[in-house]
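Have a look at the structure below, then the notes.
Atoms within a ligand are numbered from 1 in the order they appear, just like the ligands themselves.
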Amino acid sequence: MSAPLLITFDSVWKSYGEGEACVHAIAGVDLAIRRSEFVAIMGPSGSGKSTAMNIIGCLDTPTAGTYRFMGVDAGRLDRNRRALLRNLYVGFVFQGYNLLPRTTAAENVELPLIYRGVPARERRELAMQTLAQVGLVGREHHTPAELSGGQQQRVAIARAIVTKPTLLVADEPTGNLDTARTHEVMELLTRLNAELGLTIVMVTHEADVAAYAGRTVRFLDGHVASDTVKAEAA
Ligand SMILES: Nc1ncnc2c1ncn2[C@@H]1O[C@H](COP(=O)(O)OP(=O)(O)O)[C@@H](O)[C@H]1O
Ligand SMILES: [Mg+2]
């Protein structure tokens with residue numbers, strides 16, 4: 001019944017510096033995430049959340065231990081192969097929306113398709129469909145400055161999913177939003193998880209944001225301190 005594993009950490013360490021100055025950002029983490037899970041990552045500042053997210057998104061590799069993504073030992077891939085894996089299967093959303101200014105919502109969403117060589121007409125069609133999916137019909141030709149923070153984050157989410165990734169990595173996606181906008185964005189992520197089976201791994205500091213996820217993993221000093229599945233999702 002269980003979906004296949006998408007992400008596995010097997011005794012993963014990530015260390016920076018040497019000797020006295022050595023910091024273990026991740027210290028022997030075991031973690032498994034299945035396809036279509038929605039996981040919140042919590043924990044105090046400096047506990048290793050971003051380091052773990054960089055490994056999960058195939059941006060970085062462990063110092064020791066094994067990180068597998070879709071069954072592939074991503075830590076052993078060279079930079080180019082890791083980039084390929086990332087471009088094919090991972091979408092990223094950040095706290096700052098990282099949209100191009102003076103560029104319309106549709107053009108921003110088309111960007112990852114330009115890099116993939118998708119023809120202009122098909123690109124525009126996919127961008128328009130994806131903007132509709134995130135509830136931005138009528139806003140396609142607005143620039144970021146003409147959109148609210150919540151709308152900008154929805155454009156960023158559309159840009160992240162227009163390539164139909166298997167995994168969405170979100171580092172504090174609601175960090176810059178007020179309560180109402182936060183809940184709008186979380187409802188959108190919940191819907192994408194449910195409707196598309198999109199696997200989501202999201203860092204948040206807020207318990208009411210984490211409550212949207214089916215599972216919460218807490219980091220502390222580079223370890224997993226707790227890993228809780230929501231009762232109704234279990
Ligand atoms: N590039 C780096 N060089 C040196 N130390 C780092 C680097 N990245 C992270 N660290 C250290 O690793 C620990 C975990 O950092 P991080 O993963 O960013 O934590 P979090 O995202 O939970 O705040 C911290 O002590 C941080 O200072
Ligand atoms: Mg961080």
Side-chain angles (χ1 to χ4, degrees), residues 6-33 37-69 73-80 82-83 85-86 90-99 149 152-153 156-157 159-160 165 167-179 181-182 185-186 189 199-229:
L6 182 64
I7 284 164
T8 40
F9 279 60
D10 189 1
S11 305
V12 167
W13 292 72
K14 181 72 185 184
S15 311
Y16 294 104
E18 307 212 335
E20 294 278 292
C22 184
V23 174
H24 301 301
I26 296 283
V29 166
D30 293 311
L31 180 67
I33 297 175
E37 276 197 90
F38 185 173
V39 181
I41 307 281
M42 300 190 79
S45 182
S47 58
K49 304 182 298 296
S50 292
T51 304
M53 294 295 269
N54 289 341
I55 293 173
I56 287 171
C58 300
L59 287 164
D60 206 351
T61 56
T63 312
T66 306
Y67 174 57
R68 282 203 176 75
F69 179 71
D73 186 345
R76 286 176 192 273
L77 296 179
D78 64 35
R79 195 171 279 276
N80 291 335
R82 235 181 323 114
L85 201 61
R86 199 163 63 228
V90 189
F92 293 89
V93 175
F94 303 99
Q95 178 170 0
Y97 320 117
N98 298 343
L99 299 175
Q152 289 182 56
Q153 190 58 302
I157 291 168
R159 184 185 52 188
L167 171 68
L168 185 71
V169 169
D171 205 340
E172 299 210 46
T174 61
N176 285 339
L177 301 176
D178 64 29
T179 308
R181 275 357 108 199
T182 290
V185 164
M186 291 316 300
L189 291 180
T199 312
I200 303 179
V201 183
M202 165 191 78
V203 171
T204 180
H205 279 113
E206 294 167 68
D208 57 338
V209 171
Y212 283 91
R215 176 179 172 194
T216 299
V217 175
R218 262 175 207 283
F219 278 77
L220 187 65
D221 298 333
H223 296 98
V224 171
S226 70
D227 187 343
T228 327
V229 175

Next item on the list: Measure the CG-CD distance between Leu167 and Glu37 for me, rounded to the nearest 0.5 Å.
Entry: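 The distance works out to 11.5 Å.
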Notebook entry, point to check: At what distance, to the nearest 0.5 angstrom, does CD of Gln152 lie from CG of Leu99?
Noted result: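 Rounded to the nearest 0.5 Å, the CD-CG separation comes to 6.0 Å.
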Check: Can you tell if the side chain of Ile33 reaches within under 4.5 Å of the side chain of Thr199, non-hydrogen atoms only?
Finding: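 Ile33 vs Thr199: side chains touch.
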Check: Taking side chain as C-beta onward, heavy atoms only, is Ile56 less than 4.5 Å from Tyr67?
Finding: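 When only atoms from C-beta onward are counted, Tyr67 and Ile56 do touch, with a gap below 4.5 Å.
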Notebook entry, point to check: Can Arg215 and Asp227 be said to form a salt bridge (Lys or Arg N to Asp or Glu O under 4.0 Å), step by step?
Noted result: CA-CA 7 Å; Arg215 176 179 172 194; Asp227 187 343; 2.8 Å; yes
Notebook entry, point to check: Of all residues at least two apart in sequence or in a different chain, which pass the salt bridge (charged side-chain N to carboxylate O under 4.0 Å, His left out) check with Asp60?
Noted result: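 Testing Asp60 for salt bridge (charged side-chain N to carboxylate O under 4.0 Å, His left out), a comparison that skips the adjacent residues, returns Lys14.
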Item checked: Any donor-acceptor pair under 3.5 Å from Asp30 side chain to Ser11 backbone ->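 Yes, Asp30 side chain to Ser11 backbone: donor-acceptor pair under 3.5 Å.
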Item checked: Short side-chain to backbone donor-acceptor contact, Thr63 and Ser15, under 3.5 Å ->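 Pair found, side chain donor or acceptor close to backbone of Ser15.
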Tabulated below should be the N or O atoms of ligand 1 paired with protein N or O atoms at under 3.5 Å; can you produce that?
from: ligand 1; atom 1: 17 (O); to: Thr51; atom 2: N; distance (Å): 3.0
from: ligand 1; atom 1: 17 (O); to: Thr51; atom 2: OG1; distance (Å): 2.5
from: ligand 1; atom 1: 19 (O); to: Gly48; atom 2: N; distance (Å): 3.2
from: ligand 1; atom 1: 21 (O); to: Ser50; atom 2: N; distance (Å): 2.9
from: ligand 1; atom 1: 21 (O); to: Ser50; atom 2: OG; distance (Å): 3.0
from: ligand 1; atom 1: 22 (O); to: Ser47; atom 2: N; distance (Å): 3.1
from: ligand 1; atom 1: 22 (O); to: Ser47; atom 2: OG; distance (Å): 3.4
from: ligand 1; atom 1: 22 (O); to: Gly48; atom 2: N; distance (Å): 3.0
from: ligand 1; atom 1: 22 (O); to: Lys49; atom 2: N; distance (Å): 2.9
from: ligand 1; atom 1: 22 (O); to: Lys49; atom 2: NZ; distance (Å): 2.8
from: ligand 1; atom 1: 23 (O); to: Gly46; atom 2: N; distance (Å): 2.6

Check: Which protein N, O or S atoms sit under 2.8 Å from the Mg ion (ligand 2)?
Finding: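 Atoms qualifying: Ser50 OG.
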Show every donor-acceptor pair shorter than 3.5 Å between a side-chain atom in residues 203-211 and any protein atom, with sequence neighbours excluded, or say none if there are none.
from: Thr204; atom 1: OG1; to: Glu206; atom 2: N; distance (Å): 3.0
from: His205; atom 1: ND1; to: Glu172; atom 2: OE1; distance (Å): 3.3
from: His205; atom 1: ND1; to: Glu172; atom 2: OE2; distance (Å): 3.1

